[in-house]
Amino acid sequence: MNKLNWNTTQSNDDRYLYLTIMRDLKQYCARGYCEVEITLYRFVALPQSYIKRILPTLTSAEIIGHVIVDWACYESVHRFLRMMIAIVVEMNHVAFDQKAFNDAIEEFTQYLKYKKR
């Protein structure tokens with residue numbers, strides 16, 4: 001089991017874990033809407049009662065409830081993925097690896113198409 005209890009991978013490499021989380025969130029929230037608690041129930045291999053109890057106490061949980069994600073806006077994507085990964089990291093009592101996150105977001109966003117401003 002990986003240290004983030006993310007149920008679609010067995011890797012312990014932070015960059016790969018973050019990439020897996022980003023990929024799963026992109027597929028699951030493709031329509032631009034995410035209900036944070038339900039998404040965590042779906043992807044985190046921890047008991048739902050634990051997730052429900054701990055989620056309101058997390059400092060990284062900026063928005064509890066519904067999040068709108070504009071997959072065509074880099075800032076929106078970055079903010080959403082950073083928030084979700086920070087929640088998962090804090091929920092599992094491990095340290096957030098900023099370098100691994102930067103590497104993962106750089107690789108992940110290469111394949112997204114953004115609106116020109």
inquiry  = Could you report the tightest heavy-atom contact between Tyr50 and Met91, atom names first, then the distance?
reply    = OH-O, 3.0 Å
ask   = What are the two closest heavy atoms between Ala100 and Asp14, and how far apart are they?
value = CB-CB, 3.6 Å
ask   = Which heavy atom of Leu19 sits nearest a heavy atom of Glu107, and at what distance?
value = CD1-OE1, 3.6 Å
ask   = If you take all heavy atoms of Tyr28 and Thr39, which pair is closest and at what distance?
value = CE2-OG1, 3.6 Å
inquiry  = Looking at every non-hydrogen atom in both residues, tell me the closest pair between Leu40 and Val88 and how far apart they are.
reply    = CD2-CG2, 3.8 Å
ask   = Where the side chain of Trp71 meets the backbone of Cys29, is there a donor-acceptor pair that is under 3.5 Å apart?
value = yes
message = Quick check on the 6.0 Å ring-centre criterion: do Tyr18 and Phe96 meet it?
response = yes
inquiry  = Given 3.5 Å as the limit, does a donor-acceptor pair link the side chain of Thr57 with the main chain of Ile54, or not?
reply    = yes
inquiry  = When you compare the side chains of Glu106 and Asn102, does any donor N or O come within less than 3.5 Å of an acceptor on the partner?
reply    = no
task = Using modelled atom types only, decide if a donor and an acceptor are shared between the side chain of Asn2 and the backbone of Asp13 within a distance under 3.5 Å.
result = no
request  = Kindly determine whether Leu46 and Asn92 satisfy side-chain contact (heavy atoms from CB on, under 4.5 Å), including the steps that lead there.
outcome  = CA-CA 9 Å; Leu46 292 172; Asn92 286 284; 3.6 Å; yes
query = Are any side-chain N or O atoms of Asp24 and backbone N or O atoms of Phe43, one a donor and one an acceptor, separated by less than 3.5 Å?
reply = no
request  = Kindly give the heavy-atom pair with the smallest separation between Arg15 and Ala104, and that separation in Å.
outcome  = O-CB, 3.8 Å
message = Are His78 and Phe108 an aromatic pair, judged by ring center distance below 6.0 Å?
response = no
request  = Sequence neighbours left out, what passes side chain to side chain contact (heavy atoms under 4.5 Å, CB included) with Tyr33? Give chain and number order.
outcome  = Glu35, His66, Ile68
ask   = In terms of hydrophobic clustering (I, L, V, M, F, W, Y; side-chain heavy atoms under 4.5 Å; direct or indirect links), are Val89 and Leu58 co-clustered?
value = yes
